[in-house]
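Written below as structure tokens is the structure these notes are about.
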Amino acid sequence: MTTMTVSPSMEEGLRPVNVRRDLPGIARLVEMCFGDVLDESGRAAIREMRALSRSGPLLWLMSNFPGGGPAWQHGFVYTHSGQLVGNVGAHPADSRRDAWLLANVAVHPDWRRKGIARQLVLAAVARAAHEGAQRVVLQVDADNMDAIKLYEQLGFETLTVRTTWRRSQDRPPVAASMPSGIELRLALRSDWSLEHTLMERFRPQGLSLTSPLQVGQLRPSLGRSLGHFFNGQSEERWLAFRSGEVIAWLYVLWSAGTADQIRWIIIPQCSGEIEQALLAHGLRRLGHRRCDVWVEHPDGEADTLLQQHSFKPTRTLQWMQVDLSRRD
């Protein structure tokens with residue numbers, strides 16, 4: 001992969017993000033490029049950018065603390081005649097800083113096909129490598145073939161393809177009971193290692209873009225509990241056992257008025273056997289709420305099941321990764 005050096009003093013063309021100056025322009029650009037597909041977290045990020053851009057000295061103070069400041073402060077922008085026409089967000093996935101995430105590779109429609117996206121991604125990957133990253137991960141719409149081709153040229157490989165499904169919670173779930181011989185119980189605090197092992201074996205690419213990079217968060221901690229408390233969220237994790245062996249995991253998250261979540265993992269030997277019962281159990285646990293519920297799942301694995309439960313597909317994303325440890 002080609003690398004490049006970027007001078008912070010460059011005012012035209014490619015330069016690092018200046019969080020005190022660039023946030024309004026980044027918010028406008030991201031909204032222009034992705035507004036029709038942004039989920040709740042994406043729209044919340046835009047609101048955060050705009051709020052922080054008005055915070056003045058507070059933003060400066062955050063940025064000058066080690067590890068402080070917005071997660072996307074390590075990204076890059078591309079400007080022309082004072083107009084921000086390109087952006088990429090970049091930040092470490094966790095405190096180890098050995099894995100970085102890229103987000104919102106956005107180029108103004110009038111400035112596409114000029115090599116700007118390539119420059120942005122190269123700069124962000126070079127920054128991650130300089131900071132000690134071993135890999136860099138990103139998401140791209142599965143039907144965006146131009147972007148996928150670009151990322152492949154830059155050394156990215158596909159990890160998985162996942163589809164997000166949504167349904168209204170004003171409909172009762174399809175009735176389904178757990179097959180005989182299978183026990184479903186709430187996961188205990190001491191069960192986190194069982195959950196971790198199940199994910200590493202059967203979802204090595206993770207359950208979200210940041211997993212398994214942050215799968216250690218399954219371990220109970222005061223920080224995790226406080227995070228859910230202040231975010232107005234609560235969660236349940238369930239394990240299914242057959243003859244004392246874990247065969248499935250179910251995750252249920254109540255949100256603070258946005259979209260609730262359900263996720264699950266089932267060992268291949270039980271595929272097609274308990275998905276219906278797990279999903280129905282998760283929907284019953286959520287109950288009737290005003291917000292929607294969404295499921296993000298490997299594309300094609302549970303399409304019929306989700307359609308039976310009135311879910312509709314909303315977006316399919318391809319997760320891609322470049323392994324920096326293999327570079328020459």
Side-chain angles (χ1 to χ4, degrees), residues 1-6 13-17 26 29-39 41-42 45 72 74-80 83-91 93 99-130 133-164 203-206 208-211 213 296-301 303 313-328:
M1 179 183 296
T2 304
T3 59
M4 65 189 306
T5 302
V6 181
L14 182 70
R15 62 169 172 79
V17 167
I26 293 173
L29 184 64
V30 170
E31 198 166 43
M32 173 188 296
C33 294
F34 304 112
D36 58 337
V37 293
L38 284 175
D39 58 13
S41 61
W72 19 261
H74 304 294
F76 289 83
V77 296
Y78 194 99
T79 61
H80 177 75
Q83 180 185 5
L84 196 154
V85 299
N87 169 248
V88 59
H91 62 91
W100 277 52
L101 307 179
L102 303 190
N104 299 327
V105 182
V107 177
H108 192 286
D110 295 343
W111 286 85
R112 291 174 184 167
R113 300 187 181 277
K114 300 180 184 295
I116 293 175
R118 177 183 292 270
Q119 293 184 58
L120 289 165
V121 174
L122 282 173
V125 171
R127 171 67 183 271
H130 178 73
Q134 296 297 301
R135 56 179 171 169
V136 177
V137 185
L138 57 77
Q139 289 177 330
V140 57
D141 282 288
D143 59 358
N144 190 346
M145 301 311 299
D146 289 340
I148 291 171
K149 182 178 179 179
L150 169 63
Y151 299 143
E152 289 175 342
Q153 291 172 350
L154 299 180
F156 285 81
E157 298 176 346
T158 298
L159 288 172
T160 187
V161 180
R162 297 176 69 96
T163 297
T164 298
R203 283 288 182 268
Q205 75 280 5
S208 67
L209 183 63
T210 58
S211 297
L213 311 176
E296 186 188 62
H297 205 66
D299 187 50
E301 277 196 10
D303 294 10
T314 61
R315 193 180 187 187
T316 298
L317 292 171
Q318 191 161 322
W319 299 5
M320 305 186 75
Q321 170 182 288
V322 61
D323 187 346
L324 301 182
S325 66
R326 297 199 314 229
R327 296 194 312 175
D328 294 334

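These figures come from a predicted structure and were not determined experimentally.
Looking only at side-chain heavy atoms (C-beta outward), His91 and Leu101 come within less than 4.5 Å of each other. Using a 4.5 Å heavy-atom cutoff, the side chains of Val121 and Phe156 are in contact. Under the 4.5 Å side-chain criterion, counting only non-hydrogen atoms from C-beta, Val161 is in contact with Thr316. Residues Leu102 and Leu120 fail the side-chain proximity criterion, which asks for heavy atoms closer than 4.5 Å. When side chains are defined from C-beta on, Val322 does not count as touching Leu154, because their heavy atoms never get closer than 4.5 Å. Side-chain contact between Asp110 and Val85 is absent, with no heavy atoms from C-beta onward closer than 4.5 Å.
Using a distance-only test at 3.5 Å, with no hydrogens or angles considered, a donor-acceptor pair links the side chain of Asn87 to the main chain of Phe76. Without hydrogens or angle criteria, Arg315 side chain to Asp141 main chain gives no donor-acceptor distance under 3.5 Å. At least one donor-acceptor pair under 3.5 Å links the side chain of Asp323 to the backbone N or O of Ser325. The backbone N or O of Ala147 lies less than 3.5 Å from a partner atom in the side chain of Asn144, making a donor-acceptor pair.
To the nearest 0.5 Å, atom CG of residue Asp303 and atom OG1 of residue Thr163 are 6.5 Å apart. Atom CD of Gln83 sits about 9.0 Å away from atom CG of Leu29, to the nearest 0.5 Å. Atom OG1 of residue Thr160 and atom CE of residue Met320 lie 12.0 Å apart, to the nearest 0.5 angstrom. For the atom pair NE2 (His80) and OH (Tyr78), the distance works out to 8.5 Å, reported to the nearest 0.5 Å. Interatomic distance, CH2 of Trp111 versus OG1 of Thr79, reported as 9.5 Å (0.5 Å rounding). Going from atom CG of Leu159 over to atom CD of Gln139 covers 10.5 Å, rounded to the nearest 0.5 Å.
Considering every non-hydrogen atom in both Ala117 and Val105, the closest pair reads CB-CG1, 4.3 Å. When all heavy atoms of Ala123 and Leu14 are compared, the closest pair comes out as CB-CD2, 3.8 Å. A pairwise comparison of heavy atoms in Ala124 and Val88 identifies CB-CG1, 4.1 Å as the closest pair. Contact detail for His74 and Ala90: the closest heavy-atom pair is CB-O, 3.3 Å.
Applying the side chain to side chain contact (heavy atoms under 4.5 Å, CB included) criterion to Thr164, with sequence neighbours excluded, gives Trp294, Glu296, Thr314.
Each of Leu138, Ile148, Asp299 was checked for a side-chain contact (heavy atoms from CB on, under 4.5 Å) with Gln318, and the lone residue meeting it is Ile148.
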